[in-house]
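Reviewing the structure listed below.
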Amino acid sequence: MKPEVVTRRIEAFHQRFGEAHLDFAYHAAFPLALTPDLLYRLWANFQRDRNGEALKIPWLAVADLLLSSLCDEVGHELYEMETEVRNALLRKLKANPRFGEKRIHELSDFLLVYVKQQLESHDPDMRDFAQVQRWTALAYTKPSEAAREIASALRDLKLEEKAEWVRMASIVETFAEPLAGFEPLLIYSRGMASFVRGKMTKAVTELSQLAKAGDKQQVPGLNLSIPELLIRQIEENSESTQHFGDRLGFDSVPEEPVQVQSPFQKILILAANPRQTSRLRLDEEVRDIKEGLRLSQQRDKFILQQEWAVRPRDVLRAVLDFRPNIIHFSGHGSGTTGLSFEDEIGKEKLVTSVALAGLFGQFAKQVECVVLNACYDEQQADAIAHHIDYVIGMNAAIGDKAALEFAVGFYNALVAYDPRYDTYSRIEFAFNIACNVIQFAGVSGESIPTMKKRELATKNSLETIQSKKIDQAIPIPQATVQSPPQKILILAANPKQTSRLRLDEEVRDIKEGLRLSQQRDKFILQQEWAVRPRDVRRAVLDFRPNIIHFSGHGSGTTGLSFEDETGKEKLVTPEGLAGLFGQFAKQVECVVLNACYDEQQADAIAHHIDYVIGMNAAIGDKAALEFAVGFYNALVAYDPRYDTYSRIEFAFNIACNVIQFAGVSGESIPTMKKRELATKNSLETIQSKKIDQAIPIPQATVQSPPQKILILAANPKQTSRLRLDEEVRDIKEGLRLSQQRDKFILQQEWAVRPRDVRRAVLDFRPNIIHFSGHGSGTTGLSFEDETGKEKLVTSVALAGLFGLFGKQVECVVLNACYDEQQADAIAQHIDYVIGMNAAIGDQAALEFAVGFYDALVAYDARYDTYSQIEFAFNIACNAIQFAGVSGESIPIMKKRNPQNKAN
């Protein structure tokens, strides 16, 4: 179809139906095929733009679009758009500032959820239809994955399936625009379609463009067969006598295999602190680097992997396995003798400059920068800089604090770099910022970091050096359909002033066991270090693990040892642990407490979790390590065809035996607790102590418009000072750290006067209103007047205002003392109102607020009980208890009477 015809059709549709209909057509262009059901779901789920503004699309837009000239009926209740029309509408969608690339990703997520059930249908036609829709969703957001799946489908076709070849070629042609980076795949499908149609000359002409050895054409990592007859024809038609695989077809086709480029920057952290060397706070350094990445708006562009207690062989394995762009070493340097790694028993093992340079030189095409955050390592930096573009080292001894500030500053700047504004290259910019951060923090050492750059002559000759031992590229392994992986979350804490544990060795060996297993792809491991109480909640909410593993110190009846903000010991009681883990009983299958004297904690948690493993006495470092490694080795190797008991029980038995087999005492110390069936069946009753009535769990739905949270803060003159700024800061940080952060919009109003409340609600139209300040019991809530002094607003006035917005506001949170009366009044109009039935301390109020919003943004109806608000309320009450602060019974939740709601 000619471009002018496409333009006329779209303009005619716009003129006839208006802007809202055209917005709907943009969205409807995303799926490859349309049904009335699919369009109605699109209409229901995309009623707002990226800024939350209503699009006001009428429901009649579905019928109007299907019956318009933009759509063609191709079957019973099945419609399509012409490829040219569809592509034009999608380009307009991406170019429109109200939608943009973000809406494409939202549509992709929607479509993937929509076709999920259809992919498992018994009807083959339904499965084929769903598969094409899935490729559509992936083509625009994950083109490499779409190309791989399409290539896999082509590879499985037999030559006699002529109709299927033609159908697949037509599908691939439809994706020509989003899959433009995979031209060999497009050429191959066209050529093979011509071949099965009997158009030999056309097939030879098309496939001659592929410059590949033999009869295999590698497309996105898969080998696709070219029939022998075609190979001979291509060779006969060639002007050269060379074999087809030894020559090029067109100058525009590169000699090298098509490389699927990763959209991410990969950072590999190697940490080593051998025994008998001074203790470094490497866990704090990694934790703060990780937090900086997670807080960044660019966080989705970076992947961080950590390796701990690193031995020389671990470096090679990690680099080969992860293929990083940046390698960061944290540990000890020894001047001319090398860098300090660890040997098999954890003692120091030096690696020389020559050895380091030789290893990194093999990966110079991929590794852009090496950071050596260790004392006296300039000589190593010089050696590595013969092969790597940027190498950062230290020309003298650098203090722990300066090294930490440098590392955190470097990665904060790295992820925030913008070439439109920032001078130098990204690495140079980050280096300069990092040196300034040391100085800015008031720590000496800003002149110690030094940066080395590879010379251009060395860089140009590198490819020859690298290719000495490489004869042939190895194809990327075939992608296969995997069941959902099991997620293991490791929480490690070794507070200051407690005896040092070899937690890094334990985690390293667990990881190694998983990596060596043939089942490694069925497990995902996430590590959290120097863990504070709130880190536990955030990690569980964010990662949604099936197994939680704690490594650290236990203190018998007093609890488990976590860290506070200064790195010192912070105990969490058995009740606090059980209360938190009980909220995730639908998903968490097993909790492992690898710490001394933690049987009481295990007993408490086992009221909620199917399997809990603890220690009934003090357990030695070596026995704890052997148990942990044996447990996960057995877990990943479990096969129900051969092994008795459940997977967890099997792994527990093997792990106890491993301690004995290693000749270490302590095999009788680990103990396993199992949740009783009666407890399991009554769990919902236990969890609902503070809730009058459970609301049914909503069905998992596709993307909805972002929820709006309005924070109103007031701390009038002559009233006691509250930590409102800390509360809002930590709420905001929790939202930014969440994987679901794009689903929420936060607005703050400070020093709020009564009129400001009305204006903010009218202007922002929030779904949740959060008040932070003072409460005065029956007299009302404290706002400010024009001079900043206290101005009380009564319960009746508050209820009257919020009652006007009852259709939109779902929840009101009153985080102030003695405000239960106000909560009662507002609950006549609002579904959920949270108040305080007594005076609540600053720290308890802060923990409640942060816990509430951490849980709110991480809520997932597939796993979590109750409604989103109820779930967040339960987590927030537990957050107070988990932090070791009194006041967990002060927050109270009110729910609107259904009769009031109907009225």
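As the structure is a computational prediction, the values presented were derived from the model and not from experiment.
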Practice problem: Could you point out which residue of Lys487, Arg537, Arg741, Arg294 forms a salt bridge (charged side-chain N to carboxylate O under 4.0 Å, His left out) with Asp542? | Solution: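 Exactly one pass, corresponding to Arg294.
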Quiz item: Taking only residues two or more places apart in sequence, or in another chain, which ones meet Arg534 in a salt bridge (Lys or Arg N to Asp or Glu O under 4.0 Å)?
Solution: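 Salt bridge (Lys or Arg N to Asp or Glu O under 4.0 Å) list for Arg534, sorted by chain: Asp730, Glu847.
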Quiz prompt | Counterpart residues, salt bridge (Lys or Arg N to Asp or Glu O under 4.0 Å), relative to Glu505 (two or more places apart) | solution =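 Salt bridge (Lys or Arg N to Asp or Glu O under 4.0 Å) check on Glu505 returns Arg275, Arg502.
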Exercise. Take the angle between the ring planes of Phe584 and Phe871 and call it parallel below 30°, perpendicular above 60°, tilted in between.
Key: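 Perpendicular, since the angle between the ring planes exceeds 60°.
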Could you check whether any side-chain N or O of [X] sits under 3.5 Å from a backbone N or O of [Y], counting only pairs where one atom can act as donor and the other as acceptor?
X      : Y      : result
Glu599 : Gly556 : no
Asn494 : Leu501 : yes
Asn594 : Ala624 : yes

Quiz prompt | ring-ring contact (aromatic ring centres under 6.0 Å, His included) against Tyr411, all qualifying residues, sequence neighbours excluded | solution =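 Expected list: His328.
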Quiz item: Between Gln583 and Asn878, does any side-chain donor sit less than 3.5 Å from a side-chain acceptor?
Solution: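 Checked: Gln583/Asn878 side chains show no N/O donor-acceptor pair below 3.5 Å.
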Quiz item: Have Glu569 and Thr498 got a donor and an acceptor in their side chains that come within less than 3.5 Å?
Solution: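 Side chains of Glu569 and Thr498: no pair found under 3.5 Å.
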Quiz prompt | Value rounded to 0.5 Å, distance of CD in Gln133 from OG1 in Thr136 | solution =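 It is 5.0 Å, given to the nearest 0.5 Å.
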Exercise. List the atom of Ala146, the atom of Trp135, and the distance in Å for their closest heavy-atom pair.
Key: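 Smallest heavy-atom distance, with atoms named: CB-O, 4.1 Å.
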